[in-house]
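One structure is given below, encoded as structure tokens.
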Amino acid sequence: MKVSLLFSTLFTLVFTASTFAQEREVSYVDFVNILMGTDSTFDLSNGNTYPAIALPWGMNFWTPQTAEMGDGWAYKYDDYKIRGIKQTHQPSPWLNDYAAFSLMAVTGDLKYEEEERASWFSHKAETAKPHYYSVYLANYDVTTEVAPTERAAHFKFTFPDSDSSYIVLDAFNKGSMVKIIPEERKIIGYARNNHGGVPDNFHNYFVAQFDKDFEIKHTWKDNWELQENSTNAEADHVGAIIGFKTKKGEEVNVKVASSFISLEQAQQNLDSEIGDKDFEEVKANAKKIWNQELGRIKVEGENSDHIETFYSSLYRVLLFPRRFYEINKEGERVHYSPYNGEVLPGYMFTDNGFWDTFRAVFPFFNMMYPELNKKIMAGLANTYKESGWLPEWASPGHRGVMIGSNSAPIIVDAYLKGNVYPEDVDVLFEAILKNANVEEGRPVSSVGREGVDYYNELGYVPYNVDIHENAARTLEYAYADWTIAEMAKDLGKEKIADRFYKQAYNYKKLFDPSTNLMRGKNEDGTFQEPFNPLKWGDAFTEGNSLHYTWSVFQDVEGLIDLMGGKKQFTQKLDTVFEMPPKFDDSYYGFTIHEIREMQIVNMGNYAHGNQPIQHMIYLYNYAGQPWKTQQRIREVLTKLYAPTPDGYPGDEDNGQTSAWYVFSSLGFYPVTPGADQYVIGSPLFDKASLHLENGKKFEIIANHNSEENFYIESASLNGQEWNKNYLNYNDLMQGGTLQFELSNTPNTKRAVTKEAFPFSMSSDKN
């Protein structure tokens, strides 16, 4: 969709401005659709997102709740009733929520049970932005608005003329408490709901401060048993109801904050983050913060859908991991440990699955947010101190989902780029070595390395020893080993480095030359039988052999050699895209949503909706056919993403699928976190400006860019010809200009020699 003249003029004015200050005047939140990806179900994900009204990396998010309590798909775009606005900490519908509670306004006859109180609403009377949400509750003639801070939020309810107006606070089930304090116009309490990963003393304490006297005070207990004129309730599922008379257009404000530490800390969070500020001040400050963060990257182009998709995706990248620490009265950082239940000093972050986010989210932080990543690494060091292990999927503590040892690439990439505090280096290195050596005492299956004793003895996790997804584990462990070797080498620990460099070649043990694919291998050294490369699961994770064969991030050149050379390698890549979307779902017993999402987009067996294959398009750059990367990148960017409720091709997953879009639309991607390179694709925008944390600016310019012109005819870096298929991290961080000349035909002579290829361990070009 082409932009209107006004929109085009706005961007011309903004993006030709001579200073960063002038550029920041644009309201980037206006380009964000936080409903992107919300048209999702268990059977088919178009993102599996919910509208998060929050600040970047905030401890608490807020979201309208259309589904029943406990449903991981809390907001579905096609639903037509809202049950409340809930505080949420959910990183994924598959992990579900924890510490949730909600607020809802009703009028007329008292309705507080969640089915009965639900109100019809329309997207036509809904405003959903990162910093602000508003919805008209048609059943009650009430407009509900909310604006966030990191640990609090300001609600504004605009009521009709009514003798019976109510606000319902639902503290949810699995253990909750409410206490109404009329003389203070306050409700306090806690919510304990969770789906695992918490100590026994886990609580989310909340304080809700109103600006209107309560005329009615009720609570309820289990099974929605109303306790009239009651101010206290504590049971499995409780809630509070306060009521009053209102005039038409009367606004009732509620300031809400919470804490995982105590009620006193919840009050401290409320006082420090909102205090005496009115609704418009909180809203304006949230908007300012989002515009500041979104505005660190400026993109220019004539296609408004692309611009909106970019900023909607960037918004998702800036949500997780969430801050799980608080600031006490003394101004100190403290956190409730979701690992040992103690209140301790220092940083803590949570709600992240490293199997997803090691690929692009954390490399994005190293590029755009190095200071933030130092804090996240400090939080990982605290996790190790408090639990004895690094997290692989935290929500809020250790959760037993997914595979791999991907904390190592995240830590090593940060360390090698200077984004680890000196006091955390030894702790984190000790932690990643423990992951690679110790089988005993792992709190859940995802932590450490399942099958590590087999792996260290045989060089692979066997297929026939009752460890599922064994081939995928082997490939991911081998890549993690390379990153460990890189850190060990930098630390001067040569013996350790030598061991892990050797182990990084373990991917070769699973390569089957008869099929040119990775294949599960039995303990006796024989390959698994029977073998179907289209079989999802089994030896692989949420994918098949056609997807996981490419998971040799550290040594693509070595994989090319195993396949017999560049011709065979690129033919195999081509096959994945060009074959029919056939699959074998027998391992699961039904067609899981990841399979269906691959099947329906008409891109063969390329499964972009799931993470294992997302780097694969870039591998043509290693084999002398970069133009195929350029063509397929543009196809995915424009075909599989849109700023709409069905705008993602599968699970968004803590920002990873969004980070792929952000990087790829800029024109490059971090295929190998831990290396100092980005692999070049094809830029989507005419111009993009990255305002780096060090004060430098890096620009990407795509001359003659259009729907047809996406092939790179030539490139230059800071005015010098750039005939490589990669961009160096240090060159980017020093600022400058990467300029492309694009055309509608591939240049089959540019960057096709070995000198142009990105890093591979076998060629030791890092």
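Among residues two or more places apart in sequence or in another chain, the side-chain hydrogen bond (donor to acceptor under 3.5 Å, both in side chains) test is passed with Asp574 by Tyr620, Lys628. The side-chain hydrogen bond (donor to acceptor under 3.5 Å, both in side chains) test applied to Tyr622 returns no partner, not counting sequence neighbours.
Ring centers of Trp550 and Tyr618: at least 6.0 Å apart, outside the cut-off. The ring of Phe740 has its center no closer than 6.0 angstrom to the ring center of Phe710. Annotation: Trp482 is in aromatic contact with Phe759 [ring centroid separation under 6.0 Å]. Aromatic pair Phe354/Phe362: ring centres closer than 6.0 Å. Taking the six-membered ring for Trp, Phe553 and His615 have ring centres closer than 6.0 Å.
Between Asn532 and Asp584, the side chains place a donor N or O and an acceptor N or O closer than 3.5 Å (distance only, hydrogens not considered). A donor atom on one side chain and an acceptor atom on the other are found under 3.5 Å apart for Glu392 and Ser407. Thr357 and Asn352 share a donor-acceptor pair across their side chains, judged by distance under 3.5 Å alone. For the 3.5 Å distance criterion, the side chains of Asn522 and Thr526 qualify, holding a donor opposite an acceptor. Judged purely by distance below 3.5 Å, without hydrogens or angles, the side chains of Tyr369 and Asn419 never pair a donor atom with an acceptor atom. Under 3.5 Å, the side chains of Gln734 and Tyr729 contain no donor-acceptor pair of N or O atoms. Under 3.5 Å, the side chains of Tyr415 and Asp490 contain a donor-acceptor pair of N or O atoms. Under the 3.5 Å distance criterion, with hydrogens and angles disregarded, a donor-acceptor pair is assigned to the side chains of Gln611 and Thr657.
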Check against side-chain hydrogen bond (donor to acceptor under 3.5 Å, both in side chains), Gln503 and Arg499: CA-CA 6 Å; Gln503 290 184 189; Arg499 171 197 161 186; 2.8 Å; yes
Evaluation steps, side chain to side chain contact (heavy atoms under 4.5 Å, CB included), between Met616 and Val576: CA-CA 10 Å; Met616 178 193 132; Val576 175; 3.7 Å; yes
Step-by-step side-chain hydrogen bond (donor to acceptor under 3.5 Å, both in side chains) determination, Glu741 to Asn703: CA-CA 5 Å; Glu741 300 294 328; Asn703 294 321; 2.7 Å; yes
Ring pair (Phe, Tyr, Trp, His ring centres under 6.0 Å) evaluation trace for Tyr479 with Phe358: CA-CA 12 Å; Tyr479 164 59; Phe358 85 85; 5.8 Å; yes
Derivation of the side-chain hydrogen bond (donor to acceptor under 3.5 Å, both in side chains) call for Glu486 and Tyr501: CA-CA 8 Å; Glu486 289 286 286; Tyr501 278 131; 2.4 Å; yes
Verdict with reasoning, Lys417 to Asp413, per salt bridge (Lys or Arg N to Asp or Glu O under 4.0 Å): CA-CA 6 Å; Lys417 291 176 171 62; Asp413 197 34; 2.6 Å; yes
Steps toward salt bridge (Lys or Arg N to Asp or Glu O under 4.0 Å) verdict (Glu439, Arg442): CA-CA 7 Å; Glu439 178 80 59; Arg442 296 180 302 114; 3.0 Å; yes
Ser658 and Glu652: CA distance, side-chain angles, deciding distance, side-chain hydrogen bond (donor to acceptor under 3.5 Å, both in side chains) verdict: CA-CA 7 Å; Ser658 293; Glu652 196 280 329; 2.6 Å; yes
Residue pair Asp498, Lys495: steps toward the salt bridge (Lys or Arg N to Asp or Glu O under 4.0 Å) verdict: CA-CA 5 Å; Asp498 288 345; Lys495 186 175 180 180; over 6 Å; no
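Residue-environment remark: CG (Asp466) stays at or below the threshold of 12 foreign heavy atoms within 6.0 Å. For Lys508, the NZ atom sits in a packed shell: over 12 heavy atoms of surrounding residues, nucleotides or ligands are nearer than 6.0 Å. Residue-environment remark: NZ (Lys582) stays at or below the threshold of 12 foreign heavy atoms within 6.0 Å. In Gln720, the CD atom is not crowded: 12 or fewer heavy atoms of neighbouring residues, nucleotides or ligands sit closer than 6.0 Å.
Contact check for Asp356 versus Trp393: side-chain heavy atoms found under the 4.5 Å cut-off. Residues Lys687 and Ile700 are not in side-chain contact: their nearest non-hydrogen atoms beyond the backbone lie 4.5 Å or more apart. Inter-residue side-chain proximity for Asn435 and Val452 is flagged as unmet; no heavy-atom pair is nearer than 4.5 Å.
Cation-pi contact between Arg632 and Phe577: present, with separation from the ring centre below 6.0 Å and deviation from the ring axis of at most 45°. Cation-pi geometry between Lys521 and Tyr460 is met: the NZ or CZ atom falls under 6.0 Å from the ring centre, inside 45° of the normal.
Contact record, Leu742 with His704: O-CB, 3.5 Å, taken as the closest heavy-atom pair. Among all heavy-atom pairs drawn from Gly301 and Asp686, the shortest one is CA-OD2, 3.9 Å. Across all non-hydrogen atoms, the minimal contact from Ser445 to Glu450 is CB-OE1, 3.2 Å. Minimum interatomic distance between Leu517 and Ser545 (heavy atoms only, all atoms of both residues): CB-OG, 3.4 Å.
Between the side chain of Asp585 and the backbone N or O of Tyr588 there is no donor-acceptor pair closer than 3.5 Å. A donor-acceptor pair is defined here as one N or O able to donate and one able to accept, closer than 3.5 Å; no such pair exists between the side chain of Thr737 and the backbone of Gln739. For the pair His547 (side chain) and Asn605 (backbone), a donor-acceptor distance under 3.5 Å is present. Here the side chain of Glu469 pairs no donor or acceptor atom with the backbone of Ala472 at under 3.5 angstrom. In this structure, the side chain of Thr549 engages the main chain of Met518 through a donor-acceptor pair within 3.5 Å. Side-chain atoms of Ser92 come within 3.5 Å of backbone atoms of Trp94 as a donor-acceptor pair (strictly under, hydrogens ignored). Judged by distance alone, the side chain of Asn544 and the main-chain N or O of Leu546 form a donor-acceptor pair under 3.5 Å. Asn705 places no side-chain N or O within donor-acceptor distance of the main-chain N or O of Ala702, the cut-off being under 3.5 Å. Without hydrogens or angle criteria, Ser689 side chain to Glu699 main chain gives no donor-acceptor distance under 3.5 Å. Of the possible donor and acceptor atoms, one in the side chain of Asp555 sits under 3.5 Å from a partner among the backbone N and O of Gly558.
A salt bridge links Glu557 with Lys754: the closest approach of a Lys/Arg side-chain nitrogen to an acidic carboxylate oxygen falls below 4.0 angstrom. Salt-bridge annotation for Asp561 and Lys566: absent, with no side-chain N of the basic residue lying under 4.0 Å from a carboxylate O of the acidic one.
Taking the six-membered ring where tryptophan is involved, the planes of Trp660 and Tyr641 are essentially parallel, since the angle between them stays under 30° and well short of 60°. Aromatic ring pairs are classed by plane angle as parallel below 30°, tilted from 30° to 60° and perpendicular above 60°; the pair Phe310 and Phe685 is perpendicular.
Checked against Asp481 for a side-chain hydrogen bond (donor to acceptor under 3.5 Å, both in side chains), the options Tyr505, Tyr507, Tyr455 give a single hit: Tyr455. Of the residues Tyr726, Trp722, Tyr678, the one that meets the ring-ring contact (aromatic ring centres under 6.0 Å, His included) test with Phe668 is Tyr678.
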